[in-house]
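Report on one structure; see the data block that follows.
Remember, it's a predicted structure, so these values are computed and weren't measured experimentally. Every chain is numbered from 1 and lettered A, B, ... according to where its sequence line falls, protein lines coming before strand lines.
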There are 2 protein chains.
Amino acid sequence: MEKSQPEHLKNAGLKSTLPRLKILDLFTSGQDRHKSAEDVYKQLLASGDDVGLATVYRVLTQFEHAGLLVRHYFEGGKSVFELNEGKHHDHIVCLQCGHVEEFYDTTIESRQKKVAAELGFAVHDHSLHIYADCIKTKCPHKPKGV
Amino acid sequence: MEKSQPEHLKNAGLKSTLPRLKILDLFTSGQDRHKSAEDVYKQLLASGDDVGLATVYRVLTQFEHAGLLVRHYFEGGKSVFELNEGKHHDHIVCLQCGHVEEFYDTTIESRQKKVAAELGFAVHDHSLHIYADCIKTKCPHKPKGV
DNA sequence: ATTGCAAATGAGAACGATTATCGTTTGCGT
DNA sequence: ACGCAAACGATAATCGTTCTCATTTGCAAT
Ligand SMILES: [Mn+2]
Ligand SMILES: [Mn+2]
Ligand SMILES: [Zn+2]
Ligand SMILES: [Zn+2]
């Protein structure tokens with residue numbers, strides 16, 4: 001059976017507080033996988049939940065360290081978080097509308113390991129960001145709003 | 001024959017000023033390819049050249065737009081610049097000492113294009129950063145000092 | 001060489017994202 | 001219900017970067 005949110009927090013060694021539960025809910029039941037701290041803060045306010053911005057930042061970092069979330073450093077200066085579901089993947093970001101698409105390519109992954117090994121490095125992790133324009137109709141070509 | 005620095009600036013549509021010449025020199029004759037604005041600023045001060053930090057930021061951005069430099073967004077929040085010598089490459093960053101190694105892999109490059117095309121994107125550019133530990137002796141395993 | 005003026009510079013203010021501080025509140029084991 | 005460490009929230013502080021604006025400079029035409 002599925003674990004409840006409080007259990008997830010317990011597992012992570014975090015006590016189950018209101019702000020933590022609300023923030024975790026945003027990621028597990030929200031529709032946009034990738035959220036910045038500001039996104040999270042605004043979404044909490046919008047749903048009437050009164051959580052401080054400092055708490056949002058604190059909790060996001062705690063969730064990252066606990067392995068519940070993954071942090072990405074896209075261009076643009078702000079960190080973006082998403083639920084950690086165990087499956088590593090890379091990202092393609094639309095320069096027109098900000099839409100983020102995920103992909104995984106075994107050839108790229110294995111080449112990376114090989115290249116690093118040849119250069120004498122033990123890989124911890126990596127980030128591959130492709131910046132591009134959508135050429136399909138799914139791109140509204142408008143900046144990401146609320 | 002080689003072009004002089006003032007000519008490079010002229011070509012780029014930038015008038016040849018003292019701060020610009022000094023900064024360009026740092027990149028063409030300096031030993032560390034990858035420098036942050038702060039790095040550049042400190043190196044200028046160290047060599048007795050009195051250039052304002054605002055000017056450093058302005059000039060770096062101008063050089064980027066002029067195609068003289070390339071900007072990278074590594075983790076850690078600060079932009080890093082390097083001389084644009086026309087050859088795209090990706091980077092491995094040592095988590096121990098900060099050392100940056102460059103590489104280029106045709107397989108990775110072509111897979112990226114293919115993946116993006118399949119997803120319906122026209123690629124502008126991409127960044128691939130591998131974070132790793134040196135396992136060879138070239139790694140002093142100390143944080144990058146001055 | 002001198003002059004004129006737009007372009008560039010530099011000191012410092014302002015900014016946006018994030019982190020630190022600290023008095024108050026809360027989860028939770030007893 | 002109690003007690004207390006942990007967590008919270010308002011706000012100050014920090015960090016990298018950009019903006020503002022008065023002063024200086026490159027450079028082309030005298
Ligand atoms: Mn993702
Ligand atoms: Mn490089
Ligand atoms: Zn798009
Ligand atoms: Zn190293």
> With nearest nucleotides of DNA chain D determined for Arg71(B) and Gln62(A) from heavy-atom distances, which residue corresponds to the more 5′ nucleotide?
Replying inline: Gln62(A)
>> Do His124(B) and Asp133(A) pair up side chain to side chain, a donor and an acceptor below 3.5 Å, judged on atom types alone?
In response: yes
>> Checking contacts here: which listed nucleotide (dC8(D), dT19(C), dA11(C)) is nearest the side-chain heavy atoms of Pro19(A)?
In response: dC8(D)
> When the distance from CG of Asp50(A) to C1' of dT25(C) is rounded to whole Å, what number comes out?
Replying inline: 14 Å
>> Rounded to whole Å, please give me the gap between CD in Glu38(A) and P in dG16(C).
In response: 11 Å
> Side chain of Ser79(B): nearest nucleotide among dG10(C), dT17(D), dC8(D)?
Replying inline: dT17(D)
> Should the ring pair Phe121(B) and His99(A) be called parallel, tilted or perpendicular, given that the plane angle runs from 0 to 90° and is split at 30 and 60?
Replying inline: parallel
> If only side-chain N and O atoms of Tyr57(A) are considered, is one of them under 4.0 Å from the OP1 or OP2 phosphate oxygen of dT19(C)?
Replying inline: no
> Out of dA8(C), dC8(D), dA11(C), which has the shortest distance to the side chain of Ala54(B)?
Replying inline: dA11(C)
> Taking CG from Leu44(A) and P from dC8(D), how many angstroms apart are they, rounded to a whole number?
Replying inline: 12 Å
>> I need the NZ-C1' distance between Lys22(B) and dG10(C), as an integer number of Å.
In response: 13 Å
>> Distance alone, cut at 3.5 Å: any donor-acceptor contact between the side chains of Gln112(B) and Asp90(A)?
In response: no
> Separation of Asp39(B) atom CG from dT17(D) atom P, in whole Å?
Replying inline: 10 Å
> When every nucleotide of nucleotides 25-30 of chain D is labelled 5' to 3' by its protein contacts under 4.0 Å (heavy atoms), B for base, S for sugar-phosphate only, - for none, what sequence of letters results?
Replying inline: -SS---
> So His72(A) and His89(A), would you call those rings parallel, tilted or perpendicular, with 30° and 60° as cut-offs?
Replying inline: tilted
>> Rounded to whole Å, how long is the line connecting atom CG of Leu21(A) with atom C1' of dA7(D)?
In response: 13 Å
> To the nearest angstrom, how far is Arg20(A) atom CZ from dA7(D) atom C1'?
Replying inline: 6 Å
>> Quick check with a 6.0 Å cut-off and a 45 degree axis cone: is Lys35(B) positioned over the face of Phe27(B)'s six-membered ring?
In response: yes
>> Just to verify, which of Phe74(A), Phe103(A), Tyr131(A), Tyr73(A) counts as forming a ring pair (Phe, Tyr, Trp, His ring centres under 6.0 Å) with His91(A)?
In response: Phe74(A)
> Hey, which of these two, Ala37(A) or Arg58(A), hits DNA chain C nearer its 5' end, going by closest nucleotide?
Replying inline: Ala37(A)
>> Can you measure Leu53(A) atom CG to dT11(D) atom P for me and round it to whole angstrom units?
In response: 13 Å
> Which heavy-atom pair separates Ala116(A) from Ile92(B) by the least distance, and what is that distance?
Replying inline: CA-CD1, 3.8 Å
